[in-house]
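What follows is a set of notes on a single structure, which appears directly below.
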Amino acid sequence: MTRLYFHCSNAQDTWVDPTGAELRNLAEADLHARRLVRVLIAEPTLEDWRDWTMHVLDEDDEPVFSLPFAAALGRPH
């Protein structure tokens, strides 16, 4: 098990995940990140999520992967 942290940012803001999550592998981390993105974009807000990115880091603050929110949102209509 590895503890990973799921931080989010855009050009103006950064949200830091202070607790992270214990995950078994990269596939589980990817699923967790995608779930978190879907939860955030489903909240009623005026936030334009298209320019946000989730940055997944390990316990040493090393990047594991990034997930642009736009990948979950799809193209604007």
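One hydrophobic cluster, built from ILVMFWY side chains closer than 4.5 Å, holds both Val64 and Leu23. By the criterion of side-chain heavy atoms lying less than 4.5 angstrom apart, applied directly or through intervening Ile, Leu, Val, Met, Phe, Trp or Tyr residues, Leu31 is not grouped with Leu67; the two fall into different hydrophobic clusters. When hydrophobic clusters are built by joining Ile, Leu, Val, Met, Phe, Trp and Tyr residues whose side-chain heavy atoms come closer than 4.5 Å, directly or via intermediates, Phe6 is grouped together with Leu26. At a threshold of 4.5 Å between side-chain heavy atoms, the hydrophobic network of Ile, Leu, Val, Met, Phe, Trp and Tyr places Val16 and Phe69 in two separate groups.
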What do the steps show when you test Leu40 against Cys8 for side chain to side chain contact (heavy atoms under 4.5 Å, CB included), and what is the final call?
CA-CA 10 Å; Leu40 287 169; Cys8 300; 4.0 Å; yes
Intermediate values then yes/no, side chain to side chain contact (heavy atoms under 4.5 Å, CB included), Arg34 and Val37:
CA-CA 5 Å; Arg34 290 177 187 279; Val37 167; 5.7 Å; no
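Judged as a salt bridge (Lys or Arg N to Asp or Glu O under 4.0 Å), and not counting sequence neighbours, Arg35 has no contacts.
Minimum interatomic distance between His7 and Asp17 (heavy atoms only, all atoms of both residues): ND1-N, 2.9 Å.
The main-chain N or O of Trp52 is never found under 3.5 Å from a side-chain atom of Asn10 such that the two would form a donor-acceptor pair.
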Compile the donor-acceptor pairs under 3.5 Å between side chains in residues 53-60 and protein atoms, sequence neighbours left out, one pair per line.
{"from": "His55", "atom 1": "ND1", "to": "Ser66", "atom 2": "OG", "distance (Å)": "3.3"}
{"from": "His55", "atom 1": "NE2", "to": "Ser9", "atom 2": "OG", "distance (Å)": "2.8"}
{"from": "Asp58", "atom 1": "OD1", "to": "Asp60", "atom 2": "N", "distance (Å)": "2.9"}
{"from": "Asp58", "atom 1": "OD1", "to": "Asp61", "atom 2": "N", "distance (Å)": "3.2"}
{"from": "Asp58", "atom 1": "OD1", "to": "Glu62", "atom 2": "N", "distance (Å)": "2.8"}

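To the nearest 0.5 Å, atom CD1 of residue Ile41 and atom CG of residue Leu36 are 11.5 Å apart.
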